[in-house]
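Written below as C-alpha coordinates is the structure these notes are about.
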Amino acid sequence: MACMMSSMSTSDLLSSDWLTSEHSTGTSIMAVEFNGGVVIGADSRTSTGAYVANRVTDKLTKITNHIYCCRSGSAADTQAIADIVNYHLEFHEVQLGEAPLVKTAASVFQELCYNYRDQLTAGIICAGWDRRHGGQVYNIPLGGMCVRQPFAIGGSGSTYVFGFVDSNFKQGMNQDECVQFVLKTLALAMSRDGSSGGVVRLGIITEDGIERRTVLGNELPRFYEG
Amino acid sequence: MASTKVVNIPKGGFSFENCQRNNFMANQGFPAPKAVKTGTTIAGFIFKDGVILGADTRATEGNIVADKNCFKLHYMAPNIYCAGAGTAADLEMTTLQMSSQLELHRLNTGRQIKVATANRLLKQMLFRYQGHIGAALVLGGIDSSGPHVCCIYPHGSTDSLPFVAMGSGSLAAMAFLESGWKPDMELAEAKVLMRNAICGGIFNDLMSGSHVDLCIITREKAEMIRPFEVANVKGERQGSYRYPHGCTATLSTRVIPIEIESTVVRPVAEESMDTA
(Lines give C-alpha, C1' and ligand atoms only; values in the text may rest on other atoms or scores of the structure.)
Protein backbone atom coordinates (compact mmCIF):
# COMPACT_ATOMS: atom_id res chain seq x y z
CA MET A 1 0.00 0.00 0.00
CA ALA A 2 1.48 3.31 -0.99
CA CYS A 3 2.30 5.61 1.90
CA MET A 4 0.67 9.01 1.50
CA MET A 5 2.20 11.98 3.18
CA SER A 6 -0.13 14.89 3.32
CA SER A 7 1.61 17.92 1.96
CA MET A 8 0.99 21.14 3.76
CA SER A 9 1.06 23.90 1.21
CA THR A 10 2.25 27.27 2.37
CA SER A 11 -1.14 28.74 1.59
CA ASP A 12 -2.51 26.60 4.43
CA LEU A 13 0.08 28.05 6.76
CA LEU A 14 -0.59 31.60 5.70
CA SER A 15 -4.30 31.16 6.17
CA SER A 16 -4.43 29.12 9.41
CA ASP A 17 -7.46 30.29 11.25
CA TRP A 18 -5.63 31.15 14.43
CA LEU A 19 -3.36 33.53 12.50
CA THR A 20 -6.13 35.41 10.78
CA SER A 21 -9.14 35.11 13.08
CA GLU A 22 -10.07 37.87 15.38
CA HIS A 23 -9.59 37.40 19.07
CA SER A 24 -12.94 36.53 20.60
CA THR A 25 -13.99 35.72 24.12
CA GLY A 26 -15.97 32.58 23.19
CA THR A 27 -17.43 32.60 26.65
CA SER A 28 -19.97 31.78 29.23
CA ILE A 29 -20.92 34.68 31.49
CA MET A 30 -23.59 35.06 34.12
CA ALA A 31 -24.91 37.38 36.79
CA VAL A 32 -27.55 36.86 39.49
CA GLU A 33 -28.96 39.40 41.93
CA PHE A 34 -29.82 38.70 45.53
CA ASN A 35 -30.97 40.78 48.44
CA GLY A 36 -27.89 42.85 49.23
CA GLY A 37 -25.86 42.46 46.07
CA VAL A 38 -25.06 40.44 42.97
CA VAL A 39 -22.98 37.41 42.09
CA ILE A 40 -21.17 37.58 38.75
CA GLY A 41 -19.27 34.78 37.07
CA ALA A 42 -17.38 34.00 33.88
CA ASP A 43 -15.18 31.32 32.37
CA SER A 44 -11.57 32.19 31.44
CA ARG A 45 -11.04 31.19 27.82
CA THR A 46 -10.15 33.59 24.97
CA SER A 47 -10.02 31.87 21.60
CA THR A 48 -8.50 32.92 18.27
CA GLY A 49 -10.15 30.51 15.87
CA ALA A 50 -9.39 27.07 17.27
CA TYR A 51 -6.39 28.19 19.37
CA VAL A 52 -6.83 29.22 22.98
CA ALA A 53 -4.94 32.50 23.12
CA ASN A 54 -5.42 33.05 26.84
CA ARG A 55 -6.61 30.31 29.18
CA VAL A 56 -6.75 32.47 32.31
CA THR A 57 -8.59 35.57 31.06
CA ASP A 58 -10.36 37.82 33.50
CA LYS A 59 -13.67 38.71 31.89
CA LEU A 60 -15.06 40.45 34.97
CA THR A 61 -13.96 44.02 34.38
CA LYS A 62 -14.20 46.75 36.98
CA ILE A 63 -16.21 49.83 36.10
CA THR A 64 -16.39 51.25 39.62
CA ASN A 65 -15.80 49.71 43.04
CA HIS A 66 -19.39 48.46 43.14
CA ILE A 67 -20.13 47.99 39.43
CA TYR A 68 -18.57 45.32 37.25
CA CYS A 69 -19.26 44.06 33.75
CA CYS A 70 -18.98 40.61 32.21
CA ARG A 71 -17.61 40.73 28.68
CA SER A 72 -18.46 38.43 25.76
CA GLY A 73 -17.90 38.78 22.03
CA SER A 74 -14.85 40.35 20.43
CA ALA A 75 -12.07 40.85 22.97
CA ALA A 76 -10.85 44.07 21.35
CA ASP A 77 -14.34 45.62 21.15
CA THR A 78 -15.32 44.76 24.71
CA GLN A 79 -12.01 45.89 26.20
CA ALA A 80 -12.30 49.21 24.37
CA ILE A 81 -15.94 49.70 25.44
CA ALA A 82 -15.18 48.82 29.06
CA ASP A 83 -12.30 51.33 29.10
CA ILE A 84 -14.56 54.07 27.73
CA VAL A 85 -17.36 53.31 30.20
CA ASN A 86 -14.83 53.21 33.04
CA TYR A 87 -13.64 56.68 32.03
CA HIS A 88 -17.18 58.08 31.86
CA LEU A 89 -18.17 56.61 35.21
CA GLU A 90 -15.02 57.85 36.98
CA PHE A 91 -15.74 61.33 35.69
CA HIS A 92 -19.39 61.02 36.67
CA GLU A 93 -18.45 59.88 40.16
CA VAL A 94 -16.24 62.93 40.66
CA GLN A 95 -18.98 65.23 39.37
CA LEU A 96 -21.67 63.57 41.49
CA GLY A 97 -19.62 63.32 44.66
CA GLU A 98 -21.02 59.88 45.44
CA ALA A 99 -20.99 56.35 43.99
CA PRO A 100 -22.89 56.22 40.66
CA LEU A 101 -25.95 54.04 40.03
CA VAL A 102 -25.70 50.70 38.22
CA LYS A 103 -28.41 51.97 35.88
CA THR A 104 -26.10 54.81 34.84
CA ALA A 105 -23.30 52.42 33.91
CA ALA A 106 -25.76 50.24 32.00
CA SER A 107 -27.03 53.30 30.13
CA VAL A 108 -23.54 54.31 29.06
CA PHE A 109 -22.92 50.75 27.85
CA GLN A 110 -26.20 50.82 25.98
CA GLU A 111 -25.41 54.14 24.31
CA LEU A 112 -22.14 52.78 22.94
CA CYS A 113 -23.43 49.34 22.01
CA TYR A 114 -26.54 50.68 20.26
CA ASN A 115 -25.06 53.63 18.39
CA TYR A 116 -22.13 51.60 17.09
CA ARG A 117 -24.05 48.35 16.76
CA ASP A 118 -22.87 47.72 13.18
CA GLN A 119 -19.21 48.08 14.05
CA LEU A 120 -19.19 46.17 17.32
CA THR A 121 -19.57 42.57 18.43
CA ALA A 122 -20.14 42.92 22.15
CA GLY A 123 -22.50 41.16 24.54
CA ILE A 124 -22.21 42.67 27.99
CA ILE A 125 -23.79 41.99 31.37
CA CYS A 126 -23.49 44.99 33.66
CA ALA A 127 -24.07 44.17 37.32
CA GLY A 128 -23.43 45.79 40.66
CA TRP A 129 -24.76 47.27 43.85
CA ASP A 130 -25.81 50.81 44.64
CA ARG A 131 -27.38 52.46 47.66
CA ARG A 132 -30.70 53.32 46.01
CA HIS A 133 -31.75 50.06 44.38
CA GLY A 134 -29.46 47.41 45.88
CA GLY A 135 -28.19 44.60 43.67
CA GLN A 136 -29.08 44.90 39.97
CA VAL A 137 -28.26 42.99 36.78
CA TYR A 138 -28.60 44.59 33.35
CA ASN A 139 -28.23 42.51 30.20
CA ILE A 140 -26.95 44.36 27.10
CA PRO A 141 -26.77 41.86 24.22
CA LEU A 142 -25.54 42.36 20.64
CA GLY A 143 -27.99 44.90 19.23
CA GLY A 144 -27.74 47.31 22.14
CA MET A 145 -30.91 46.63 24.08
CA CYS A 146 -30.67 47.13 27.82
CA VAL A 147 -33.01 45.24 30.12
CA ARG A 148 -32.90 44.59 33.84
CA GLN A 149 -33.31 40.94 34.79
CA PRO A 150 -33.14 39.00 38.07
CA PHE A 151 -30.42 36.93 36.46
CA ALA A 152 -28.73 37.03 33.05
CA ILE A 153 -26.62 34.62 31.05
CA GLY A 154 -24.55 35.45 27.98
CA GLY A 155 -21.88 34.30 25.59
CA SER A 156 -21.68 31.31 23.29
CA GLY A 157 -21.94 28.85 26.19
CA SER A 158 -25.18 30.34 27.45
CA THR A 159 -27.22 28.71 24.70
CA TYR A 160 -26.60 25.31 26.30
CA VAL A 161 -27.87 26.30 29.73
CA PHE A 162 -31.06 28.28 29.12
CA GLY A 163 -33.10 25.21 30.08
CA PHE A 164 -31.09 24.65 33.25
CA VAL A 165 -31.35 28.24 34.49
CA ASP A 166 -35.04 28.54 33.65
CA SER A 167 -35.86 25.41 35.63
CA ASN A 168 -33.48 25.99 38.57
CA PHE A 169 -33.83 29.70 39.27
CA LYS A 170 -35.76 30.58 42.44
CA GLN A 171 -36.73 34.02 43.66
CA GLY A 172 -35.26 35.08 46.99
CA MET A 173 -32.03 33.02 46.96
CA ASN A 174 -29.38 34.10 49.43
CA GLN A 175 -25.73 34.78 48.61
CA ASP A 176 -24.45 31.20 48.95
CA GLU A 177 -27.32 29.76 46.94
CA CYS A 178 -26.60 32.28 44.20
CA VAL A 179 -22.92 31.33 44.18
CA GLN A 180 -23.81 27.64 43.81
CA PHE A 181 -26.33 28.48 41.08
CA VAL A 182 -23.70 30.40 39.12
CA LEU A 183 -21.05 27.70 39.59
CA LYS A 184 -23.30 24.89 38.44
CA THR A 185 -24.54 26.85 35.43
CA LEU A 186 -21.07 27.82 34.30
CA ALA A 187 -19.72 24.31 34.87
CA LEU A 188 -22.44 22.90 32.63
CA ALA A 189 -21.89 25.55 29.97
CA MET A 190 -18.12 25.06 29.99
CA SER A 191 -18.43 21.31 29.64
CA ARG A 192 -20.59 21.61 26.53
CA ASP A 193 -19.22 24.69 24.80
CA GLY A 194 -15.84 24.41 23.06
CA SER A 195 -15.22 28.14 23.28
CA SER A 196 -15.62 28.18 27.06
CA GLY A 197 -13.28 26.62 29.55
CA GLY A 198 -10.44 27.12 31.99
CA VAL A 199 -11.33 28.34 35.46
CA VAL A 200 -14.45 30.03 36.77
CA ARG A 201 -13.93 33.57 38.02
CA LEU A 202 -16.55 34.69 40.52
CA GLY A 203 -17.28 38.07 42.00
CA ILE A 204 -19.66 38.84 44.87
CA ILE A 205 -20.55 42.54 44.94
CA THR A 206 -22.18 43.95 48.06
CA GLU A 207 -22.18 47.19 50.01
CA ASP A 208 -18.63 46.36 51.14
CA GLY A 209 -17.25 46.11 47.62
CA ILE A 210 -16.27 43.02 45.66
CA GLU A 211 -15.08 39.65 46.91
CA ARG A 212 -13.31 37.78 44.14
CA ARG A 213 -12.95 34.02 43.94
CA THR A 214 -11.35 31.68 41.46
CA VAL A 215 -12.64 28.12 41.18
CA LEU A 216 -10.19 25.84 39.40
CA GLY A 217 -11.27 23.28 36.83
CA ASN A 218 -10.97 20.31 39.16
CA GLU A 219 -12.99 22.01 41.93
CA LEU A 220 -16.03 22.69 39.75
CA PRO A 221 -19.30 20.80 40.30
CA ARG A 222 -19.30 17.60 38.26
CA PHE A 223 -22.20 16.34 36.21
CA TYR A 224 -22.83 13.51 33.77
CA GLU A 225 -19.62 12.94 31.86
CA GLY A 226 -20.54 9.91 29.77
CA MET B 1 12.01 85.40 -10.48
CA ALA B 2 9.67 82.81 -8.99
CA SER B 3 8.76 79.69 -10.90
CA THR B 4 5.40 79.81 -12.66
CA LYS B 5 4.76 76.10 -12.07
CA VAL B 6 1.80 75.50 -9.74
CA VAL B 7 2.70 73.45 -6.71
CA ASN B 8 0.54 70.34 -6.63
CA ILE B 9 -0.68 69.96 -3.02
CA PRO B 10 -1.77 66.34 -2.64
CA LYS B 11 -5.30 65.92 -1.28
CA GLY B 12 -5.70 63.90 1.87
CA GLY B 13 -7.13 60.36 1.89
CA PHE B 14 -6.51 57.28 -0.21
CA SER B 15 -5.69 57.85 -3.88
CA PHE B 16 -7.61 55.47 -6.13
CA GLU B 17 -5.71 56.44 -9.28
CA ASN B 18 -3.79 53.21 -9.67
CA CYS B 19 -6.54 50.77 -8.69
CA GLN B 20 -7.81 50.20 -12.23
CA ARG B 21 -4.29 49.69 -13.53
CA ASN B 22 -3.51 47.28 -10.67
CA ASN B 23 -6.63 45.25 -11.38
CA PHE B 24 -5.76 45.07 -15.06
CA MET B 25 -2.22 43.92 -14.30
CA ALA B 26 -3.43 41.32 -11.83
CA ASN B 27 -5.77 39.92 -14.47
CA GLN B 28 -2.89 39.82 -16.96
CA GLY B 29 -0.90 37.64 -14.57
CA PHE B 30 1.17 40.25 -12.70
CA PRO B 31 -0.23 40.30 -9.17
CA ALA B 32 0.77 42.99 -6.72
CA PRO B 33 3.87 42.19 -4.63
CA LYS B 34 3.05 40.88 -1.18
CA ALA B 35 3.86 43.01 1.84
CA VAL B 36 6.91 41.94 3.78
CA LYS B 37 5.68 40.03 6.80
CA THR B 38 7.71 39.00 9.77
CA GLY B 39 6.32 35.43 9.83
CA THR B 40 7.81 35.08 13.23
CA THR B 41 8.15 33.52 16.57
CA ILE B 42 8.20 35.98 19.45
CA ALA B 43 7.84 35.30 23.13
CA GLY B 44 8.21 37.02 26.45
CA PHE B 45 8.01 36.04 30.08
CA ILE B 46 8.68 37.22 33.60
CA PHE B 47 11.58 35.79 35.56
CA LYS B 48 13.00 36.51 39.02
CA ASP B 49 14.80 39.76 38.25
CA GLY B 50 12.65 41.12 35.45
CA VAL B 51 11.44 40.40 31.95
CA ILE B 52 12.98 38.48 29.06
CA LEU B 53 11.88 38.91 25.43
CA GLY B 54 12.96 36.77 22.50
CA ALA B 55 12.46 36.73 18.73
CA ASP B 56 13.65 34.94 15.61
CA THR B 57 15.16 36.96 12.72
CA ARG B 58 13.41 35.95 9.51
CA ALA B 59 11.27 38.33 7.44
CA THR B 60 9.26 36.76 4.61
CA GLU B 61 7.67 38.12 1.45
CA GLY B 62 5.19 35.47 0.42
CA ASN B 63 7.37 32.35 0.11
CA ILE B 64 10.70 34.12 -0.14
CA VAL B 65 12.89 35.12 2.79
CA ALA B 66 13.21 38.86 2.38
CA ASP B 67 15.60 39.44 5.26
CA LYS B 68 17.69 36.73 6.92
CA ASN B 69 18.66 38.86 9.88
CA CYS B 70 15.96 41.39 10.61
CA PHE B 71 15.52 42.99 13.99
CA LYS B 72 12.22 42.32 15.73
CA LEU B 73 12.97 43.64 19.21
CA HIS B 74 12.02 47.30 19.17
CA TYR B 75 12.97 49.97 21.68
CA MET B 76 10.02 51.72 23.34
CA ALA B 77 11.54 53.28 26.46
CA PRO B 78 14.70 52.64 28.48
CA ASN B 79 12.73 50.20 30.62
CA ILE B 80 10.31 48.86 27.98
CA TYR B 81 10.96 46.84 24.85
CA CYS B 82 8.56 45.38 22.33
CA ALA B 83 8.79 42.30 20.11
CA GLY B 84 6.67 42.48 16.96
CA ALA B 85 5.02 40.01 14.59
CA GLY B 86 2.94 40.81 11.52
CA THR B 87 3.53 43.28 8.70
CA ALA B 88 7.09 44.60 8.97
CA ALA B 89 6.27 48.16 7.87
CA ASP B 90 3.33 48.46 10.26
CA LEU B 91 5.45 47.23 13.15
CA GLU B 92 8.34 49.56 12.42
CA MET B 93 6.13 52.64 12.15
CA THR B 94 3.91 51.76 15.08
CA THR B 95 6.83 51.15 17.43
CA LEU B 96 8.69 54.27 16.29
CA GLN B 97 5.61 56.45 16.75
CA MET B 98 4.82 54.91 20.11
CA SER B 99 8.34 55.30 21.40
CA SER B 100 8.34 59.00 20.53
CA GLN B 101 4.92 59.48 22.17
CA LEU B 102 6.18 57.70 25.26
CA GLU B 103 9.23 59.94 25.42
CA LEU B 104 7.01 63.03 25.25
CA HIS B 105 4.84 61.56 27.99
CA ARG B 106 7.91 60.89 30.12
CA LEU B 107 9.04 64.49 29.72
CA ASN B 108 5.55 65.66 30.64
CA THR B 109 5.24 63.60 33.79
CA GLY B 110 8.89 63.54 34.84
CA ARG B 111 8.57 59.88 35.82
CA GLN B 112 9.68 56.54 34.44
CA ILE B 113 7.13 55.17 31.96
CA LYS B 114 4.83 52.41 33.13
CA VAL B 115 4.26 49.36 30.95
CA ALA B 116 0.50 49.91 31.40
CA THR B 117 0.85 53.31 29.70
CA ALA B 118 2.57 51.84 26.65
CA ASN B 119 -0.01 49.05 26.60
CA ARG B 120 -2.93 51.46 26.67
CA LEU B 121 -1.51 53.77 23.99
CA LEU B 122 -0.85 50.84 21.68
CA LYS B 123 -4.24 49.18 22.17
CA GLN B 124 -6.14 52.42 21.63
CA MET B 125 -4.24 53.12 18.43
CA LEU B 126 -4.69 49.61 17.05
CA PHE B 127 -8.39 49.56 17.94
CA ARG B 128 -8.88 52.86 16.14
CA TYR B 129 -7.56 51.19 12.97
CA GLN B 130 -9.86 48.21 13.47
CA GLY B 131 -7.19 45.59 12.80
CA HIS B 132 -5.99 47.02 9.47
CA ILE B 133 -2.59 47.70 11.02
CA GLY B 134 -1.12 44.21 11.10
CA ALA B 135 0.87 44.51 14.29
CA ALA B 136 0.87 41.78 16.92
CA LEU B 137 3.16 42.74 19.78
CA VAL B 138 4.70 41.31 22.89
CA LEU B 139 5.34 44.25 25.18
CA GLY B 140 7.64 43.71 28.13
CA GLY B 141 9.17 45.98 30.71
CA ILE B 142 9.78 46.72 34.34
CA ASP B 143 8.44 49.72 36.20
CA SER B 144 7.71 50.88 39.74
CA SER B 145 4.96 48.25 40.11
CA GLY B 146 7.15 45.35 39.00
CA PRO B 147 7.81 43.40 35.81
CA HIS B 148 5.02 43.10 33.24
CA VAL B 149 4.53 41.23 29.97
CA CYS B 150 1.52 41.91 27.73
CA CYS B 151 0.50 40.64 24.34
CA ILE B 152 -1.32 43.05 22.06
CA TYR B 153 -3.35 41.79 19.11
CA PRO B 154 -3.90 43.69 15.83
CA HIS B 155 -7.54 44.40 16.64
CA GLY B 156 -6.63 46.08 19.89
CA SER B 157 -7.20 43.49 22.59
CA THR B 158 -4.52 42.91 25.20
CA ASP B 159 -3.73 40.22 27.73
CA SER B 160 -1.35 40.72 30.62
CA LEU B 161 0.16 37.36 31.52
CA PRO B 162 3.28 35.82 33.08
CA PHE B 163 4.32 34.30 29.73
CA VAL B 164 3.17 34.90 26.16
CA ALA B 165 4.06 33.91 22.61
CA MET B 166 2.86 35.47 19.35
CA GLY B 167 3.34 35.02 15.62
CA SER B 168 3.08 32.03 13.31
CA GLY B 169 5.51 30.03 15.47
CA SER B 170 3.68 30.89 18.67
CA LEU B 171 2.12 27.46 19.06
CA ALA B 172 5.56 25.81 19.07
CA ALA B 173 6.97 28.43 21.44
CA MET B 174 3.95 28.22 23.74
CA ALA B 175 4.42 24.45 24.00
CA PHE B 176 7.88 25.06 25.49
CA LEU B 177 6.69 27.85 27.74
CA GLU B 178 3.70 25.92 29.08
CA SER B 179 5.88 22.98 30.08
CA GLY B 180 9.00 24.86 31.17
CA TRP B 181 7.91 28.12 32.81
CA LYS B 182 7.79 28.45 36.55
CA PRO B 183 7.63 31.53 38.77
CA ASP B 184 10.90 33.16 39.93
CA MET B 185 13.26 31.56 37.42
CA GLU B 186 16.93 32.48 37.52
CA LEU B 187 18.46 34.40 34.61
CA ALA B 188 20.44 31.44 33.26
CA GLU B 189 17.36 29.16 33.27
CA ALA B 190 15.27 31.90 31.73
CA LYS B 191 17.70 32.37 28.84
CA VAL B 192 17.69 28.63 28.13
CA LEU B 193 13.89 28.45 28.21
CA MET B 194 13.54 31.44 25.91
CA ARG B 195 16.12 30.03 23.53
CA ASN B 196 14.23 26.73 23.45
CA ALA B 197 10.92 28.45 22.85
CA ILE B 198 12.21 30.53 19.93
CA CYS B 199 14.13 27.61 18.43
CA GLY B 200 10.91 25.58 18.66
CA GLY B 201 9.38 28.15 16.37
CA ILE B 202 12.45 28.44 14.13
CA PHE B 203 12.72 24.73 13.42
CA ASN B 204 9.04 23.85 13.26
CA ASP B 205 7.52 26.88 11.55
CA LEU B 206 8.38 27.67 7.94
CA MET B 207 7.77 31.38 8.39
CA SER B 208 10.31 31.68 11.23
CA GLY B 209 14.01 31.04 11.01
CA SER B 210 17.63 32.16 11.20
CA HIS B 211 18.81 33.29 14.61
CA VAL B 212 17.59 33.95 18.14
CA ASP B 213 17.68 37.50 19.53
CA LEU B 214 17.14 38.14 23.21
CA CYS B 215 16.40 41.19 25.29
CA ILE B 216 16.73 41.05 29.06
CA ILE B 217 15.16 43.91 31.03
CA THR B 218 15.97 44.28 34.72
CA ARG B 219 15.75 47.18 37.16
CA GLU B 220 19.34 48.20 36.45
CA LYS B 221 19.47 47.97 32.67
CA ALA B 222 18.08 46.55 29.45
CA GLU B 223 20.48 44.21 27.69
CA MET B 224 20.12 43.36 24.02
CA ILE B 225 21.82 40.15 22.92
CA ARG B 226 21.87 39.99 19.15
CA PRO B 227 22.32 37.25 18.17
CA PHE B 228 21.97 35.12 21.26
CA GLU B 229 22.34 32.02 19.20
CA VAL B 230 23.18 31.55 15.56
CA ALA B 231 20.77 28.68 15.08
CA ASN B 232 21.15 28.42 11.33
CA VAL B 233 24.68 28.70 9.98
CA LYS B 234 25.13 29.20 6.25
CA GLY B 235 26.77 26.06 4.85
CA GLU B 236 30.43 26.07 3.83
CA ARG B 237 30.92 25.53 0.15
CA GLN B 238 32.97 22.35 -0.21
CA GLY B 239 34.46 22.82 -3.67
CA SER B 240 36.03 25.79 -5.40
CA TYR B 241 35.88 26.90 -9.02
CA ARG B 242 38.97 29.06 -8.76
CA TYR B 243 41.89 28.16 -10.98
CA PRO B 244 45.26 29.08 -9.45
CA HIS B 245 47.74 31.15 -11.51
CA GLY B 246 49.96 29.05 -13.75
CA CYS B 247 47.76 25.94 -13.95
CA THR B 248 47.10 26.68 -17.62
CA ALA B 249 50.31 26.54 -19.71
CA THR B 250 51.10 29.52 -22.05
CA LEU B 251 51.86 28.36 -25.59
CA SER B 252 52.80 31.71 -27.19
CA THR B 253 52.72 35.46 -26.39
CA ARG B 254 52.14 38.47 -28.76
CA VAL B 255 52.05 42.06 -27.44
CA ILE B 256 50.32 44.67 -29.64
CA PRO B 257 50.79 48.20 -28.24
CA ILE B 258 48.05 50.76 -28.95
CA GLU B 259 49.69 53.68 -30.85
CA ILE B 260 48.46 57.19 -29.96
CA GLU B 261 48.05 59.17 -33.21
CA SER B 262 47.05 62.59 -31.88
CA THR B 263 45.86 64.32 -28.66
CA VAL B 264 43.29 67.17 -28.60
CA VAL B 265 42.49 69.24 -25.52
CA ARG B 266 39.17 71.11 -25.65
CA PRO B 267 38.04 73.25 -22.68
CA VAL B 268 34.31 72.97 -21.89
CA ALA B 269 32.73 76.44 -21.61
CA GLU B 270 30.56 77.15 -18.57
CA GLU B 271 26.87 77.18 -19.34
CA SER B 272 25.22 80.46 -18.53
CA MET B 273 22.47 80.19 -15.90
CA ASP B 274 19.00 80.15 -17.35
CA THR B 275 16.99 82.63 -15.33
CA ALA B 276 13.91 82.72 -17.52
Side-chain angles (χ1 to χ4, degrees), chain A residues 7-27 42 44-62 71-87 90 112 116 118-122 124 198-199 201, chain B residues 34-35 37-41 60-65 85-87 116 119-134 136 138 149-175 177-178 201 204-208:
Chain A
S7 63
M8 209 162 51
S9 67
T10 43
S11 56
D12 284 351
L13 291 166
L14 294 171
S15 59
S16 321
D17 69 347
W18 52 270
L19 277 174
T20 50
S21 295
E22 202 192 307
H23 223 38
S24 95
T25 47
T27 305
S44 69
R45 180 173 291 183
T46 309
S47 45
T48 322
Y51 177 63
V52 177
N54 186 354
R55 59 183 169 85
V56 286
T57 326
D58 183 10
K59 302 181 191 176
L60 307 176
T61 309
K62 179 177 149 171
R71 301 182 285 112
S72 75
S74 154
D77 291 348
T78 53
Q79 281 184 12
I81 293 170
D83 286 344
I84 296 171
V85 175
N86 188 345
Y87 161 77
E90 262 188 47
L112 287 167
Y116 294 99
D118 296 327
Q119 286 102 290
L120 295 171
T121 312
I124 294 182
V199 305
R201 295 205 188 271
Chain B
K34 294 199 179 58
K37 288 179 78 73
T38 48
T40 304
T41 306
T60 50
E61 205 171 310
N63 285 345
I64 305 170
V65 176
T87 312
N119 187 18
R120 190 150 284 211
L121 284 170
L122 278 163
K123 79 176 332 185
Q124 285 181 346
M125 188 199 111
L126 291 172
F127 183 73
R128 204 180 329 136
Y129 285 94
Q130 286 290 291
H132 290 290
I133 293 190
V138 168
V149 163
C150 325
C151 56
I152 305 166
Y153 291 84
H155 285 269
S157 60
T158 62
D159 290 310
S160 184
L161 293 163
F163 57 91
V164 295
M166 302 275 276
S168 53
S170 64
L171 263 56
M174 187 50 96
L177 293 175
E178 281 282 17
N204 297 291
D205 174 39
L206 295 180
M207 299 285 128
S208 311

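Residue numbers start from 1 in every chain, and the chains themselves are labelled A, B, ... in the order their sequence lines are given, proteins ahead of strands. The shown structure was predicted, so the numbers you read here are calculated from the model rather than taken from an experiment.
- The distance from the CG atom of A:Asp83 to the CD atom of B:Gln124 is 6.5 Å, given to the nearest 0.5 Å.
- No side-chain heavy atom of A:Gln79 sits under 4.5 Å from any side-chain heavy atom of B:Phe127.
- Distance CG/B:Asp159 to OG1/A:Thr46: 5.5 Å, rounded to 0.5 Å.
- In this structure, chain A has a heavy atom under 4.5 Å from the side chain of B:Gln130, while its backbone stays farther away.
- Here CE of B:Met174 is found 8.0 Å from CZ of A:Arg55. Values are rounded to the nearest 0.5 Å.
- Nearest heavy-atom pair across A:Ala76 and B:Gly156 is CB-C, 3.8 Å.
- Nearest heavy-atom pair, A:Tyr51 versus B:Ser170, reported as atom, atom and distance to 0.1 Å: OH-O, 4.5 Å.
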